[in-house]
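See structure below.
A note on names: the letters A, B, ... follow the listed sequences, proteins ahead of strands, and every chain is numbered from 1.
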Amino acid sequence: MEIPKIYDPKPVEDKWYAHWIKHKFFKSIPDEREPYTIVIPPPNVTGVLHMGHMLNNTIQDVLIRRARMQGKNACWVPGTDHASIATEAKVVALLAEKGIKKTDLSREDFLKHAWEWKVKYGGIILKQLEKLGASCDWDRTRFTMEGDLSEAVIDVFIDLYNKGQIYRGVRMVNWDPKGLTAVSDEEVIHKEVNSKLYYVRYKIEGEADGWITVATTRPETILGDTAVCVHPEDERYKHLKGKRCIIPMVNRSVPVIFDTYIDLEFGTGALKVTPAHDINDYNLGIKHKLDVIDTIASDGKMNAAAQFYIGEDRFIVRKKIAQDLEEMGQMVKIEDIKNKVGYSERTNAVIEPKLSMQWFLKMDTISKPALENVLNGEIKLIPEKFINTYKHWMENVQDWCISRQLWWGQQIPAWYDDKGNTVVAKTHVKALAAYKVQHPRSNIQQLKQDEDVLDTWFSSWLWPISVFDGFKNPDGKDINYYYPTNDLVTGPDILFFWIARMIIAGYEYRGEKPFNNVYLTGIVRDKKGRKMSKQLGNSPDPIELIEKYGADGVRVGMLLCAPAGNDLLFDESYSEQGRNFSNKIWNAFRLINGWEHAVDTQQNEINKIAIQWFDAKFNAQLDIINDLYSKYRMSEALMATYKLVWDDFCAWYLEMIKPEFVDGKSLSVDKETYDTTIAFFEKILKVLHPFMPFITEEIWHLISERNEKECLIVEEWPATSNKNRIILKDFEIVTEVITNIRNIRKQKNISPKEKLEVFKKVNQSEIINIYDVIILKLCNLKSFKYVNEKVDGANSFLVNNAEFYVPISQNIDTIVERDRLLKELQYNKGFLESVLKKLTNEKFVSNAKPELLGNERKKQTDALAKIKVIEEQLSTLK
RNA sequence: GGGAGCUUAGCUCAGCUGGUUCAGAGCAUCUGCCUUACAAGCAGAGGGUCACUGGUUCGAACCCAGUAGUUCCCA
């Protein structure tokens with residue numbers, strides 16, 4: 001059967017993925033082997049695969065496949081999170097298309113729609129992961145809102161409440177007026193934008209023409225002002241001590257207060273204070289006991305307390321009030337400035353600081369072990385530089401606002417009577433019972449459950465425990481076997497959102513870390529360094545990439561540009577390189593596969609040496625690869641593998657043993673060489689497998705007869721053994737000789753078909769001629785002979801002080817040759833000089849380590865010998 | 001405003017404890033080849049003031065200080 005010379009990944013990938021599934025190779029059940037566990041960072045159910053997922057899931061799959069081949073019980077747990085805001089937004093939008101408003105639905109009905117949506121679309125991203133080749137144990141797929149996981153969330157809430165770690169309070173929160181919910185600090189993205197700074201003058205109370213000018217970027221909040229604040233040291237305002245001023249339009253009299261918080265340089269040095277709508281103002285308000293007037297409603301529109309513009313959006317009001325103040329003569333000037341504005345990560349609405357009643361988790365004590373165990377190296381962050389960021393955050397950690405004003409999520413198990421008395425309990429029945437204990441004289445029959453749900457991260461922080469049913473069954477087989485997990489692979493953007501909180505939960509609920517290592521990938525950016533985003537449209541569709549280059553190609557492409565912890569600038573050309581690599585491997589297979597192998601053919605010297613060399617090379621390189629893996633240097637491990645395959649195996653080894661063509665027919669390969677080559681190739685497939693699972697599995701089955709259970713995916717990772725360093729050293733010289741000869745051929749424009757003669761001048765007695773056959777073959781030589789004298793009229797080169805001559809039919813251009821030699825001489829003299837400089841330096845000789853000194857001395861003698869040879873060559877040129 | 005990181009070839013990055021012929025890799029580029037595995041290929045070559053300035057040292061891409069640019073985190 002003719003094997004196509006271009007590898008076609010599509011049918012291969014579909015076939016083998018199905019095959020692996022069929023034979024349950026991804027499945028993990030606790031046994032006596034050492035476990036190797038990864039829990040997937042659950043992508044959110046609304047998501048479709050983007051390049052960030054591609055990257056971290058490729059890395060996870062590489063790790064898990066290698067662990068599996070190393071004989072560990074590899075378990076990669078997949079799943080999704082319910083992403084309350086994002087999902088609810090999607091469902092609301094979908095309902096809106098049908099003309100249904102959320103407010104018209106009951107909570108129950110809305111959730112029914114949401115679940116329908118989840119069933120229909122929630123699995124898309126997991127299906128996409130299959131295309132990538134992700135070897136997750138799909139039987140273990142979990143979802144943060146499924147029964148058991150939700151129950152864990154509720155139990156944890158109740159437990160922490162009972163421990164006094166959870167409280168309810170009025171706080172300034174980041175309000176998302178579009179999502180109509182509070183969001184955490186981490187979900188606010190601060191962006192620099194072009195704004196205006198409005199200078200507005202307020203009348204001083206009781207003075208005929210006394211004014212104070214404040215500067216603000218948010219004039220719409222003027223209606224909620226309850227003070228004006230200046231710096232106590234500010235000479236401009238010292239006379240205002242004890243005075244009051246009048247807020248325009250609403251004509252409210254408010255005090256002028258003094259606080260060192262004020263920045264003298266900014267604006268006019270006078271700050272209008274709106275405690276209800278700015279976190280700093282809020283704190284000032286508490287300190288100075290100011291009134292709080294909330295003038296903006298949940299939807300971002302002015303409310304009745306504002307008195308003006310009621311029902312109009314804050315941004316429209318900003319323009320209107322500026323104009324009105326202008327007309328009133330109270331607008332002094334307007335300047336353009338740049339400032340940072342917070343946006344909701346989910347809805348992109350401008351965040352409105354808002355006072356509201358929320359649930360909080362105290363972070364001060366509960367986070368202690370999580371900080372400690374990262375600092376002491378019990379949990380490793382890779383790369384280490386993230387420890388700084390982590391430490392900084394954990395040392396300044398704020399209480400976590402865990403309530404969200406949404407329906408999609410776990411409803412907070414808090415119950416209220418009509419006076420606002422609260423009990424926390426798992427069910428209404430239990431709540432009522434608890435309530436009766438607290439209020440024995442009450443005969444209330446009905447409590448009202450809190451309307452809000454818990455933050456999605458309040459589910460996912462339990463993920464490494466809850467996916468193994470560690471809450472439901474704390475001493476279960478799974479949790480005891482798989483926990484703590486080995487590696488977590490995710491992006492640094494969720495270091496606090498998720499990683500830190502998982503560590504906290506791990507210590508709180510298992511008394512142990514959730515994972516040993518956290519591998520933080522970079523953020524995938526486009527070629528210009530911009531984050532990939534839908535708005536910019538600069539993100540390639542991963543599935544299309546896979547169609548175009550094959551999953552193996554894209555995986556390789558991803559990792560080629562993925563230095564650990566640094567952002568990566570993705571470009572499609574990397575996937576192309578990956579695809580080309582697939583093709584290279586494929587063609588190596590085609591070559592070997594096409595060889596006749598005869599039992600009666602004697603193994604020749606070339607093949608014997610080639611085999612010895614590649615065996616040594618493979619082992620040495622595998623040591624390097626293993627070491628790089630152990631340091632999580634994935635892209636370097638890939639590059640080392642790439643070079644092993646492309647350069648060492650294909651370009652050198654296969655070229656060496658490739659049978660020659662005689663009379664238009666390929667000679668046959670001896671059986672021993674053939675079998676060894678197959679064995680080498682199989683080892684190479686193993687080492688390639690984690691990076692390129694599909695093509696390697698395909699060739700694995702083509703290259704030898706195997707039954708359907710004998711799959712590469714469960715083969716053993718090769719052990720390293722042979723450490724023949726001598727042959728590797730020798731080969732460095734051999735390849736240098738070969739390159740020199742090829743170079744001369746190239747420079748002199750000699751056809752590769754023309755056979756050359758090469759002479760080696762014997763200076764000393766040492767002749768290592770075992771490699772000559774290789775030089776003969778790879779350079780297409782007629783002969784390779786030893787001489788005692790220089791060969792006249794030939795091109796020459798030096799390798800390790802040995803002189804080589806290549807006579808060619810053209811005359812030697814002595815001028816060019818002399819120039820070349822002079823240049824070489826100059827370089828070597830310069831080099832010698834630098835060595836001598838060290839050796840004649842007393843301080844160097846007395847300070848340097850002995851081996852270093854010896855090295856320098858050797859350099860000296862080598863350089864001297866070389867100079868002598870070059871000078872001799874030069875003298876004969878004249 | 002506070003903190004952390006980064007700056008090495010056209011691009012993306014290695015370079016560990018300062019010392020090997022140390023300035024490297026891949027891609028891209030250039031030149032020659034459709035040589036019976038692969039043109040998605042083969043062979044060869046050319047690319048760098050290691051951001052800048054100063055310091056420490058016998059010796060600095062590497063250590064220290066400052067400057068510039070840049071990215072991120074926090075407020």
**Item:** Pairwise C1' distance, B/rG44 and B/rA65 [rounded to whole Å]
**Value:** 46 Å

**Fill in**
A/Lys746 has its side chain closest, among B/rG5, B/rC74, B/rU31, to B/rU31

**Message:** In this structure, how many angstroms lie between the P atom of B/rC11 and the CD atom of A/Glu576, rounded?
**Reply:** 20 Å

**Message:** How many whole angstroms separate atom CZ of A/Phe386 from atom P of B/rC72?
**Reply:** 12 Å

**Message:** If the cut-off is 4.0 Å, is A/Lys5 near the phosphate of B/rA39, judged by side-chain N/O to OP1 or OP2?
**Reply:** yes

**Asked** Mind checking the P distance from B/rC16 to B/rG10? Whole angstroms is fine.
**Response** 22 Å

**Request:** Locate the shortest heavy-atom distance separating A/Lys777 from A/Lys658; write the atom from each residue and the value.
**Result:** NZ-O, 2.7 Å

**Prompt:** Should we say atom CD of A/Glu395 is surrounded by more than 12 heavy atoms from elsewhere, each under 6.0 Å from it?
**Reply:** yes

**Message:** In terms of relative ring orientation, are A/Phe680 and A/Tyr653 parallel, tilted or perpendicular, with 30° and 60° separating the classes?
**Reply:** perpendicular

**Item:** Protein-nucleotide distance (A/Leu560, atom CG; B/rA28, atom P), rounded to Å
**Value:** 11 Å

**Asked** How far, in whole Å, is B/rU12 from B/rC63 if one measures between their P atoms?
**Response** 23 Å

**Prompt:** Watson-Crick or G-U wobble partner for B/rG1, using a 3.5 Å limit on both distances?
**Reply:** B/rC74

**Request:** Any strand is fair game: report the nucleotide pairing with B/rU49 by Watson-Crick or G-U wobble, both distances under 3.5 Å, or none.
**Result:** none

**Prompt:** Hey, does A/Asn583 reach any base, or is it just sugar-phosphate, or nothing, if we go heavy atoms under 4.0 Å?
**Reply:** base

**Complete:** Atom CZ of A/Arg579 and atom C1' of B/rA39 are separated, to the nearest Å, by 12 Å

**Message:** When both hydrogen-bonding distances must be under 3.5 Å and the geometry is Watson-Crick or G-U wobble, what is B/rA39 paired with, if anything?
**Reply:** none

**Complete:** Paired to B/rU7 by Watson-Crick or G-U wobble criteria (both distances under 3.5 Å) is B/rA68

**Prompt:** Given B/rA40, is OP1 or OP2 found less than 4.0 Å from the side-chain N or O atoms of A/Trp646?
**Reply:** no

**Prompt:** Looking only at N and O atoms, is any donor in the side chain of A/Arg742 or the base of B/rA43 less than 3.5 Å from an acceptor on the other one?
**Reply:** no

**Asked** Quick one: side chain to side chain donor-acceptor pair (under 3.5 Å) partners of A/Glu547, sequence neighbours excluded?
**Response** none

**Request:** Specify the residue among A/Glu856 and A/Trp652 whose closest nucleotide of RNA chain B lies further upstream toward the 5′ end.
**Result:** A/Glu856

**Prompt:** Where does the angle between the aromatic ring planes of A/Tyr629 and A/Phe691 fall among parallel (under 30°), tilted (30 to 60°) and perpendicular (over 60°)?
**Reply:** parallel

**Prompt:** Heavy atoms under 4.0 Å, any strand shown: does A/Phe589 hit a base, just sugar-phosphate, or nothing?
**Reply:** nothing

**Request:** Would you mind reading off the distance between A/Trp393 atom CH2 and B/rA75 atom P, rounded to a whole angstrom?
**Result:** 10 Å

**Request:** Can you tell me, in whole Å, how much space there is between the C1' of B/rG19 and that of B/rU31?
**Result:** 38 Å

**Item:** Pairing nucleotide - B/rU12, Watson-Crick or G-U, each distance under 3.5 Å
**Value:** B/rA25

**Options B/rC74, B/rG26, B/rA37, nucleotide nearest the side-chain atoms of A/Phe496** = B/rC74

**Asked** In whole Å, what is the span from the NZ atom of A/Lys658 to the P atom of B/rC38?
**Response** 8 Å

**Prompt:** With respect to the side chain of A/Thr739, which nucleotide from B/rA45, B/rG26, B/rC38 is positioned closest?
**Reply:** B/rA45

**Prompt:** Looking at B/rA40, B/rA37, B/rG15, which one has an atom nearest to any side-chain atom of A/Arg633?
**Reply:** B/rG15

**Message:** If I take atom CD in residue A/Glu572 and atom C1' in nucleotide B/rC11, what distance separates them, rounded to the nearest angstrom?
**Reply:** 16 Å

**Message:** Rounding to an integer number of Å, can you tell me how far A/Ile189 CD1 sits from B/rA75 P?
**Reply:** 14 Å

**Fill in**
Side-chain contact check for A/Arg590: nearest option of B/rG32, B/rA4, B/rC38 is B/rC38

**Out of B/rC38, B/rG44, B/rU12, whichever nucleotide has its closest atom nearest the side chain of A/Glu655** = B/rC38

**Fill in**
Base orientation of B/rG5, chi within 90° of 0 counted as syn, else anti, reads anti

**Prompt:** Among the nucleotides B/rA37, B/rG32, B/rC74, which one has an atom lying closest to any side-chain atom of A/Cys650?
**Reply:** B/rA37

**Span that lies between the P atom of B/rA68 and that of B/rU53, in whole angstrom** = 15 Å

**Asked** Is A/Asn828 touching bases, backbone alone, or none of the nucleic acid, heavy atoms closer than 4.0 Å?
**Response** base

**Prompt:** For A/Trp595, which contact category applies under a 4.0 Å heavy-atom criterion: base, sugar-phosphate, or nothing?
**Reply:** nothing

**Gap in Å between the two P atoms, one belonging to B/rA25 and one to B/rG32, rounded** = 24 Å

**Asked** What is the ring orientation for A/Phe804 with A/Phe797, classed by angle as parallel under 30°, tilted 30 to 60°, or perpendicular over 60°?
**Response** parallel

**Complete:** Closest of B/rC74, B/rG5, B/rA39 to the A/His392 side chain is B/rC74

**Request:** Over 60° means perpendicular and under 30° means parallel, so classify the ring planes of A/Trp393 and A/Phe496, tilted if in between.
**Result:** parallel

**Request:** With heavy atoms under 4.0 Å as the rule, sort A/Ile6 into base, sugar-phosphate or nothing.
**Result:** base

**Prompt:** Nearest to the side chain of A/Asn580 - B/rA39, B/rG5, B/rA40?
**Reply:** B/rA40

**Request:** Determine the Euclidean distance between corresponding P atoms of B/rA51 and B/rA61; express it in Å to zero decimal places.
**Result:** 10 Å

**Prompt:** Applying a 3.5 Å limit to both distances, which nucleotide forms a Watson-Crick or G-U wobble pair with B/rC30?
**Reply:** B/rG44

**Separation of the C1' atoms in B/rU67 and B/rA23, to the nearest angstrom** = 25 Å

**Message:** Classify A/Tyr642 by what it touches in the nucleic acid, base, sugar-phosphate, or nothing, heavy-atom distance under 4.0 Å.
**Reply:** sugar-phosphate

**Request:** Decide salt bridge (charged side-chain N to carboxylate O under 4.0 Å, His left out) for A/Lys548 and A/Glu572; before the verdict, give the C-alpha distance in whole Å, the side-chain angles of both, and the deciding distance to 0.1 Å.
**Result:** CA-CA 10 Å; A/Lys548 201 165 162 191; A/Glu572 223 178 284; 2.7 Å; yes

**Prompt:** Of the nucleotides B/rA45, B/rG26, B/rA43, which has the atom closest to the A/Asn743 side chain?
**Reply:** B/rA45

**Complete:** Of A/Leu654 and A/Tyr7, the one whose nearest nucleotide on RNA chain B sits closer to the 5' end is A/Leu654

**Distance-only donor-acceptor test, A/Lys584 side-chain atoms vs B/rC38 base atoms, 3.5 Å** = yes

**Asked** With a 3.5 Å cut-off and no angle check, do the side chains of A/Arg590 and A/Asn593 form a donor-acceptor pair?
**Response** no

